[in-house]
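Since this is a predicted model, take the numbers as computed values, not measurements.
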Amino acid sequence: KIAGLRNALNEAETKLVSSDATAVEMKELRSQLEEAQTGLVAAKEAKAQDDAEHAKAVAKMEDDLKSTGKKASDAIAEAEKEKKDASKCRIDLAVSESDRNEAMQQMTALKDSIKRMEESHKKKT
């Protein structure tokens with residue numbers, strides 16, 4: 001009977017040690033799970049922050065692109081205006097040159113007329 005009790009006691013002690021080991025292992029697994037969950041939450045927060053920063057960067061690039069496009073469009077419009085102004089200046093210059101040439105011809109004609117009148121007057125006197 002004592003031997004049976006000893007065997008039962010040994011079995012109970014083995015189960016108890018085994019039960020304690022299982023409890024320790026479960027405690028370790030719970031700790032690892034909590035660490036993993038904490039890491040997952042941190043990773044999600046970091047990803048959300050990265051996504052927000054990326055969205056801001058994309059929005060800034062889009063604004064910069066719009067601004068650059070507007071500047072380019074404005075520069076093209078200004079160049080077209082300057083081209084028209086230059087064309088008008090060339091036309092005005094051509095008209096002025098034509099007017100000058102006409103005035104020179106009239107002046108030459110008047111000089112010739114005066115010369116003829118003087119010569120005619122000399123002949124009469």
Side-chain angles (χ1 to χ4, degrees):
K1 191 172 181 180
I2 291 178
L5 287 174
R6 270 197 192 146
N7 282 340
L9 180 61
N10 285 339
E11 283 179 24
E13 285 177 348
T14 301
K15 285 181 181 178
L16 181 61
V17 169
S18 176
S19 174
D20 287 343
T22 300
V24 168
E25 187 177 340
M26 287 179 62
K27 192 174 190 179
E28 178 62 29
L29 289 173
R30 277 193 187 105
S31 174
Q32 289 176 5
L33 178 61
E34 287 175 11
E35 286 178 25
Q37 287 173 333
T38 301
L40 180 60
V41 168
K44 284 181 179 179
E45 288 172 355
K47 184 183 180 312
Q49 184 176 356
D50 286 348
D51 289 348
E53 289 173 4
H54 177 73
K56 284 181 187 177
V58 167
K60 184 178 182 328
M61 282 191 256
E62 288 173 347
D63 287 346
D64 289 349
L65 183 60
K66 286 177 188 174
S67 176
T68 301
K70 173 92 170 84
K71 287 177 185 174
S73 178
D74 290 349
I76 289 169
E78 183 64 26
E80 288 295 324
K81 182 183 179 297
E82 288 176 3
K83 183 178 174 184
K84 286 179 185 175
D85 291 348
S87 178
K88 185 179 181 306
C89 286
R90 281 193 294 278
I91 291 169
D92 290 348
L93 184 60
V95 168
S96 292
E97 184 71 18
S98 175
D99 289 348
R100 186 182 75 80
N101 288 340
E102 187 178 325
M104 290 295 286
Q105 288 173 355
Q106 287 175 356
M107 193 165 72
T108 301
L110 283 172
K111 282 182 182 178
D112 290 345
S113 180
I114 290 171
K115 202 178 211 183
R116 281 193 304 275
M117 287 171 93
E118 286 175 345
E119 288 173 2
S120 174
H121 180 68
K122 281 183 182 179
K123 285 182 183 178
K124 289 181 181 178
T125 57

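With salt bridges taken as basic N to acidic carboxylate O contacts below 4.0 Å, one links E97 and R100. Between K47 and D51, at least one side-chain N (NZ, or NE/NH1/NH2) sits under 4.0 Å from a carboxylate O, which counts as a salt bridge.
Summarising the geometry, atom OG belonging to S31 is positioned 4.5 Å from atom CD belonging to E35; distances are rounded to the nearest 0.5 Å. The distance from the CG atom of D74 to the CD atom of E78 is 9.0 Å, given to the nearest 0.5 Å. D64 CG to E62 CD: the interatomic distance, rounded to the nearest 0.5 Å, is 10.0 Å. Atom CG in D112 sits 11.5 Å away from atom CD in Q105 (nearest 0.5 Å).
Formation of a donor-acceptor pair under 3.5 Å by the S73 side chain with backbone atoms of G69 is not found in this model. For the pair S98 (side chain) and A94 (backbone), a donor-acceptor distance under 3.5 Å is absent.
Here the side chains of K111 and I114 are not in contact, with every heavy-atom distance at 4.5 Å or above. A 4.5 Å side-chain heavy-atom check between I91 and S87 finds at least one atom pair inside the cut-off. Side-chain contact check for R116 versus S113: some heavy-atom pair is nearer than 4.5 Å. No side-chain heavy atom of K66 sits less than 4.5 Å from a side-chain heavy atom of K70.
Defined by atom type and a distance below 3.5 Å, a donor-acceptor pair is present between the side-chain atoms of Q32 and E28.
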Q49 and E45: side chain to side chain donor-acceptor pair (under 3.5 Å), yes or no, with the steps? CA-CA 6 Å; Q49 184 176 356; E45 288 172 355; over 6 Å; no
